[in-house]
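Side chains are part of it too, since the values below use all heavy atoms of this structure and drop only hydrogens, waters and symmetry mates.
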Amino acid sequence: MNVIFMGTPEMAIPSLVGIMAAGGMVQAVYTQPDRPAGRKKIMTPSPVKQFALDAGLRVETPEKIRDSVFLDQIRELNPDVIIVCAFGQILPQTLLDIPLKGCFNSHFSLLPRWRGASPIQASILAGDSVTGVTIQRMVLKLDAGPVVMRSEKEPVLPADTFESLSERLGKISGMMTATLIRNLEHGMVEGRVQDESQVTLCKIIKKEEGKINWNEESAIQIERKLRAYSQWPGIYTMDTRQKRLQITKLSVRPDQLVPGVVNSGMIVGTRQGSVQILEVKPEGKALMSAEAFARGYPDLIGSQLL
C-alpha cells in the first residue's frame, strides 16, 4: 500500500515507524520547513524530517500544503492513503479527495474531547484524569471526522508534563497506525460519527499565554500550566525591575497570601492557595535555584510580581 505521511514533532515519529512496520510503502514524508532554534537561531529541521532523511525517505517541506505545486505533486504520487499526525497545517478538500482510501489523522485525545491544535496541553490544564489517542477519517471540519479507532484510556499522571504525556501517546499512536495500515490492506475501514454534544475545543497556544496572572489564576492552575507548557512557551512573571523571570519548578501550598507578593522562602500568593518557587531562569541568565536568585536580589522579598 502506497502511503504519504504528514507530521512534524518528535511525538509523530512512532506513527511513521508504525506505517513502515506494517509494510506500508512510504512514498514521501511531508513536514514543516526548517525553523530557527536556540539562542543563535540556527535553522533546524523538524524531528520528523531528520528521522525520515536518516531512514532514506523522500521529504517535502511545504510552507503551505495547499499550494498548487504540492497538490500536483501529491496527485502524481497517487497514494492509496494519507496518514497525518501533528502536521501543523489544515488540509484542503482538494487534498483530502486525492487518496483512494482516504486521509486519516491520529489525534492525541479521546475525540470529541479536545478538538484542535493543543489537546495534550488542554488535557493537563483541565486536570483530566485520562486521555488517549483517536484515529479519525479526515473531513474539512477540524477533527470532526468519523472515528475509526480509539485507544484505551491513558491515565494523566499528577506529575505528567507535555513531554512525558506526549511520549506515551506517541507510542500508542504508533501501534494504532500500524493496525490501521493492516486493516486498510484488507479493505475500507468503518467509522463512527462523533457526538457533537460532547465536543470541547482547544486552540493554538501563544507565547504570551505563559505569563502568570497571580490575581486570576489559582496555585493549582499555575502548577498545571507549568506542566502543560513545559516544552513551550514555559511560564513566567515579571519582577519589579521589569525583568522576565521564567519559573521552571514549583510546589503548591495551601497558604492564602496576597496574590503576587513574594514571601520568605519564595512563597507567592495566588487567587487561591500559594506556590513555592523552587527553580527559575532569570532573563539573560542560567537556570538556578530560587533560593540562589533571592540571595542575589534581596529586594525581591516583599515585592509584587507582575
Side-chain angles (χ1 to χ4, degrees), residues 5-16 28-67 69-70 73 84-91 108 116-122 124-125 161-167 169-170 202-213 222 225-239 241-250 277-290 292-293 296-297 305-306:
F5 179 74
M6 298 182 177
T8 298
E10 186 82 25
M11 62 185 176
I13 292 175
S15 295
L16 176 55
V29 172
Y30 286 75
T31 187
Q32 296 281 39
D34 295 5
R35 305 292 189 199
R39 295 180 66 181
K40 295 184 178 180
K41 303 298 182 184
I42 298 172
M43 296 301 289
T44 304
S46 75
V48 164
K49 177 181 177 179
Q50 191 60 62
F51 177 88
L53 290 174
D54 291 344
L57 300 174
R58 172 179 173 177
V59 176
E60 301 290 344
T61 56
E63 192 68 52
K64 294 182 179 179
I65 193 66
R66 61 179 60 247
D67 285 354
V69 62
F70 292 106
Q73 190 180 79
V84 180
C85 181
F87 176 46
Q89 297 187 40
I90 296 175
L91 308 192
F108 288 10
S118 56
I120 298 175
Q121 294 95 327
I124 294 173
L125 287 170
T161 61
F162 173 83
E163 291 92 339
S164 64
L165 188 52
S166 65
E167 181 180 8
L169 295 179
C202 56
K203 58 185 179 179
I204 295 173
I205 297 167
K206 298 179 180 179
K207 186 176 182 179
E208 56 267 25
E209 290 178 49
K211 191 174 189 300
I212 298 169
N213 188 319
I222 294 168
K225 189 155 82 167
L226 173 65
R227 293 187 289 114
Y229 295 168
S230 58
Q231 184 181 77
W232 188 90
I235 67 169
Y236 67 96
T237 188
M238 307 298 290
D239 64 28
R241 304 168 300 177
Q242 292 297 313
K243 295 286 188 179
R244 179 186 172 110
L245 182 65
Q246 184 174 354
I247 299 171
T248 56
K249 188 176 181 181
L250 57 77
I277 301 174
L278 302 173
E279 190 176 73
V280 297
K281 187 182 184 305
E283 186 175 329
K285 296 185 178 181
L287 194 69
M288 66 178 70
S289 71
F293 177 68
Y297 182 13
L305 298 176
L306 306 173

Applying side-chain contact (heavy atoms from CB on, under 4.5 Å) to I235 and not counting sequence neighbours gives I212, I222, K225, L226, Y229, I247, L250
Side chains of K243 and P282, heavy atoms from C-beta outward: is any pair under 4.5 Å? no
Legend entry - Flag side-chain contact, heavy atom, 4.5 Å: F108 against L165: no
Between G7 and A12 the two heavy atoms that sit nearest each other are CA-CB, 4.3 Å
Taken in chain and number order and not counting sequence neighbours, the residues that satisfy salt bridge (charged side-chain N to carboxylate O under 4.0 Å, His left out) with R244 are none
Hits for side chain to side chain donor-acceptor pair (under 3.5 Å) against E10, two or more places apart or cross-chain, chain-then-number order -> none
So CZ of F162 and OG of S118: to nearest 0.5 Å the spacing works out to 9.5 Å
Between T44 and A37 the two heavy atoms that sit nearest each other are OG1-CB, 3.6 Å
- With a cut-off of 6.0 Å (strictly less than), are more than 12 heavy atoms of other residues, nucleotides or ligands near CG of L53? yes
So CD of Q121 and SG of C202: to nearest 0.5 Å the spacing works out to 8.0 Å
The complete set of salt bridge (charged side-chain N to carboxylate O under 4.0 Å, His left out) pairs with one or both residues in residues 48-60, sequence neighbours excluded, reads D34-K49, R58-E60
Between M11 and S166, the two heavy atoms sitting closest are SD-CB, 3.7 Å
Sequence neighbours excluded, the answer for ring-ring contact (aromatic ring centres under 6.0 Å, His included) partners of F293 is Y297
Taken in chain and number order and not counting sequence neighbours, the residues that satisfy side-chain contact (heavy atoms from CB on, under 4.5 Å) with T8 are T31, Q32, S46, F87
(Q) side-chain contact (heavy atoms from CB on, under 4.5 Å), that's the test. Do Q242 and L306 meet it? Break it down for me. (A) CA-CA 8 Å; Q242 292 297 313; L306 306 173; 3.0 Å; yes
Exercise. Can any side-chain N or O of D67 pair as donor or acceptor with the backbone N or O of V69 at less than 3.5 Å?
Worked result: no
Which of L91, V48, I65, T61 passes side chain to side chain contact (heavy atoms under 4.5 Å, CB included) with Y30? It is I65
Taken in chain and number order and not counting sequence neighbours, the residues that satisfy side chain to side chain donor-acceptor pair (under 3.5 Å) with T237 are W214
For P62 and Q89 the tightest heavy-atom approach is O-NE2, 3.0 Å
With sequence neighbours left out, the residues meeting ring-ring contact (aromatic ring centres under 6.0 Å, His included) with Y236 are none
Rounding to 0.5 Å, atoms OG (S164) and CD1 (I124) come to a distance of 6.5 Å
Contacts of R66 meeting side chain to side chain donor-acceptor pair (under 3.5 Å) (sequence neighbours excluded), chain-then-number -> none
All heavy atoms of C85 vs all of S15, minimum pair found to be SG-OG, 3.7 Å
Here the side chain to side chain donor-acceptor pair (under 3.5 Å) pairs for residues 202-213, sequence neighbours left out, are none
T248 meets the side chain to side chain donor-acceptor pair (under 3.5 Å) criterion, sequence neighbours left out, with E279
Scanning both residues in full, the closest heavy-atom pair of L16 with A52 reads CD2-CB, 4.5 Å
